[in-house]
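These notes are about the structure you will find just below.
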There are 2 protein chains.
Amino acid sequence: MNYTEAKLKFINTWGTLGSLWGINKAMAQIQALLFVSTSPLSMEEIMDELKISRGNTSMNLRQLIDWGIVTKEFKAGERKEYFSTEKNVQELTRIIAKERSRREIQPAVKTLKEVYTITDDGTAETKELIKQTKALHDLAETADIMLNKIVSHKQNWLTKSIFKIFN
Amino acid sequence: MNYTEAKLKFINTWGTLGSLWGINKAMAQIQALLFVSTSPLSMEEIMDELKISRGNTSMNLRQLIDWGIVTKEFKAGERKEYFSTEKNVQELTRIIAKERSRREIQPAVKTLKEVYTITDDGTAETKELIKQTKALHDLAETADIMLNKIVSHKQNWLTKSIFKIFN
DNA sequence: CTAAAGTTTCAATAATTACTGAAACTTTAG
DNA sequence: CTAAAGTTTCAGTAATTATTGAAACTTTAG
């Protein structure tokens, strides 16, 4: 496998994986491309490499910027915008974990709470609903807190966590 | 909010969440329904409550069984099959985590390895590709091992992990 | 100011994914 | 064995989601 094939394989794998955990293919592919690029890329270069339209590129770049994964760069004396992604994998994971927590886990926790705090009318069905949704709520909340703690230290959270868990 | 509303809200939230992390809506809803039900349900009952077709119910139930989340039950003297889900949230999480590791993380790790082990032709581009995909590979592999370790103890893995990480 | 370069928006359309329903199949009671 | 009860399959269709491309908009050099 040569460079071009390997790069393509990486971008495609990342694209597929992305859609598995809720970000779309193009968005994941753009991120992958920037992740292995030696310098920031312009919109033209991205469109060209990934064979996607200008509109698609623009929208997905904006989402990536929203997530805090990609940043705009300006080259001296150039009008065009260039884009680059966070290159440190741990920092990248931190950003993604925080965003997912905020966008998905926390709203779910909130809804679960609304469900399990309904008034108990004494029937077995209601009792079961309350019991089970409360269990799920507590798990989700704890997992979320755990995730945030693990990931909230900018440096070496991974090594630290592993050390603690494995001993 | 009364019982019926709360139950519906739970099923819908779970359905939406499910699609966010890669299982489809109907599948997540069936699981949710069984999760708060006081007894195993027949296919008819599931179809009826969720207003989905027989075919859809059958296929998604099978997937849930494949995942090991749902089991068939037989009632004495009855021909019909009844279905129930794992009711313990920690056990449920364990099963899901294991399946996701096996189906998604491990194949991704494998592909990343194929990419970062290409022969280094000495160019900056190749070096960057190797460096970055190796970093991602190592992170994914470590995270996967970590997840499996955390979750591989049937009892109280959550409490134990929290204890270790928070101190 | 204008023109050129660049970016964003969004309605139309393509691609993907999920769902239905009826037919085929399987199992079991009699 | 047959008929009834139940389950599965899958081609067709519906619903959803992603993508295009052209027009509108923004910015800046001159």
Side-chain angles (χ1 to χ4, degrees), chain A residues 11-34 40-67 70-85 103-104, chain B residues 11-34 40-67 70-85 103-104:
Chain A
I11 290 170
N12 284 332
T13 309
W14 211 236
T16 314
L17 266 188
S19 52
L20 270 170
W21 58 275
I23 76 171
N24 79 28
K25 207 178 86 186
M27 192 171 151
Q29 287 185 333
I30 293 171
Q31 201 277 325
L33 177 62
L34 294 175
L41 301 179
S42 68
M43 207 154 87
E44 300 277 336
E45 290 168 314
I46 296 168
M47 288 168 55
D48 195 61
E49 280 236 40
L50 302 179
K51 307 266 183 294
I52 57 179
S53 73
R54 191 173 292 282
N56 201 2
T57 309
S58 171
M59 279 175 133
N60 285 110
L61 270 173
R62 185 134 71 80
Q63 271 218 72
L64 284 164
I65 292 168
D66 264 16
W67 274 66
V70 162
T71 46
K72 282 190 189 180
E73 317 237 323
F74 294 93
K75 285 192 184 170
E78 285 229 38
R79 179 115 151 243
K80 219 177 283 184
E81 295 174 343
Y82 286 81
F83 302 91
S84 62
T85 191
R103 290 171 199 233
E104 294 157 35
Chain B
I11 291 170
N12 284 332
T13 309
W14 211 236
T16 314
L17 265 189
S19 51
L20 269 170
W21 57 276
I23 76 172
N24 79 28
K25 208 178 87 185
M27 191 171 151
Q29 286 184 334
I30 293 172
Q31 201 277 325
L33 177 62
L34 294 174
L41 302 179
S42 68
M43 206 153 87
E44 299 277 336
E45 291 169 313
I46 295 168
M47 287 168 56
D48 196 61
E49 280 236 40
L50 301 179
K51 307 267 183 292
I52 58 180
S53 72
R54 191 173 291 281
N56 201 3
T57 309
S58 171
M59 279 175 134
N60 285 111
L61 271 173
R62 186 134 69 82
Q63 272 218 71
L64 284 164
I65 292 169
D66 263 16
W67 274 65
V70 163
T71 46
K72 283 190 187 180
E73 317 237 323
F74 294 93
K75 285 193 185 170
E78 284 228 39
R79 180 115 151 245
K80 220 178 284 184
E81 295 175 342
Y82 287 81
F83 301 91
S84 63
T85 191
R103 291 169 199 236
E104 294 156 35

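Worth knowing before you read on, the calculation uses all heavy atoms, side chains too, and leaves out hydrogens, waters and symmetry mates. Computed from a predicted model, the values in this text were never measured in an experiment.
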(request) Please assess B:Leu61 against B:Ile30 for the test side-chain contact (heavy atoms from CB on, under 4.5 Å), listing each intermediate value before the final yes or no. (result) CA-CA 8 Å; B:Leu61 271 173; B:Ile30 293 172; 3.8 Å; yes
Over how many whole Å does the gap from [X] atom [atom1] to [N] atom [atom2] extend?
X	N	atom1	atom2	value
B:Glu44	D:dA5	CD	P	12 Å
B:Phe74	D:dG6	CZ	P	13 Å
B:Leu61	C:dC19	CG	C1'	15 Å
A:Leu64	C:dT8	CG	C1'	16 Å
A:Glu45	C:dT7	CD	P	11 Å
A:Gln63	C:dT7	CD	C1'	17 Å
A:Met43	C:dA5	CE	P	15 Å
B:Met47	C:dG21	CE	C1'	10 Å

(message) side-chain contact (heavy atoms from CB on, under 4.5 Å) for A:Thr85 and A:Leu64? Distances and angles first, verdict last.
(response) CA-CA 9 Å; A:Thr85 191; A:Leu64 284 164; over 6 Å; no
Shortest non-hydrogen separation from [X] to [Y] and the atoms involved:
X	Y	value
A:Phe83	A:Leu34	O-CD2, 3.3 Å
B:Phe74	B:Lys80	CD2-O, 4.2 Å
B:Trp14	B:Ala32	CD1-CB, 3.5 Å
B:Ser84	B:Glu73	OG-OE2, 2.9 Å
A:Glu45	A:Pro40	OE1-O, 4.3 Å

(request) Enter the distance from A:Thr16:OG1 to A:Gln29:CD here, rounded to the nearest 0.5 Å. (result)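 Spacing of OG1 (A:Thr16) from CD (A:Gln29) equals 7.5 Å.
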(request) Decide if atom CZ of B:Arg103 counts as having more than 12 heavy atoms of other residues, nucleotides or ligands within a radius under 6.0 Å. (result)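 It does: B:Arg103 CZ has more than 12 such atoms within range.
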(request) Could you please name the option among C:dT9, D:dT8, C:dG6 that lies closest to any side-chain atom of A:Lys80? (result)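 Closest of the options to the side chain of A:Lys80: C:dG6.
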Enumerate all atom pairs, one protein N or O and one N or O from nucleotides 15-20 of chain D, separated by less than 3.5 Å.
| from | atom 1 | to | atom 2 | distance (Å) |
| --- | --- | --- | --- | --- |
| D:dT19 | O5' | A:Asn56 | ND2 | 3.4 |
| D:dT20 | OP2 | A:Ser53 | N | 2.6 |
| D:dT20 | OP2 | A:Ser53 | OG | 3.0 |
| D:dT20 | OP2 | A:Asn56 | ND2 | 3.2 |

(message) Both atom distances under 3.5 Å, Watson-Crick or G-U wobble: I'd like the secondary structure of DNA chain D as a dot-bracket string, with | for pairs made across strands.
(response) ||||||||||||||||||||||||||||||
Between the protein and nucleotides 25-30 of chain C, which nitrogen or oxygen pairs come in under 3.5 angstrom?
| from | atom 1 | to | atom 2 | distance (Å) |
| --- | --- | --- | --- | --- |
| C:dT27 | O2 | B:Arg79 | NH2 | 2.8 |

(request) Show your reasoning for whether side-chain contact (heavy atoms from CB on, under 4.5 Å) applies to A:Met27 and A:Met59. (result) CA-CA 9 Å; A:Met27 192 171 151; A:Met59 279 175 133; over 6 Å; no
(message) Just to be sure I understand the rule, does A:Glu81 reach a base, reach only the sugar-phosphate, or reach nothing, if contact means heavy atoms closer than 4.0 Å?
(response)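 Touches sugar-phosphate only.
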(message) Let's go through B:Met43 and B:Arg54 carefully: what are the C-alpha distance in whole Å and the side-chain angles of both, what is the deciding distance for side-chain contact (heavy atoms from CB on, under 4.5 Å) to 0.1 Å, and is it a yes or a no?
(response) CA-CA 8 Å; B:Met43 206 153 87; B:Arg54 191 173 291 281; 3.6 Å; yes
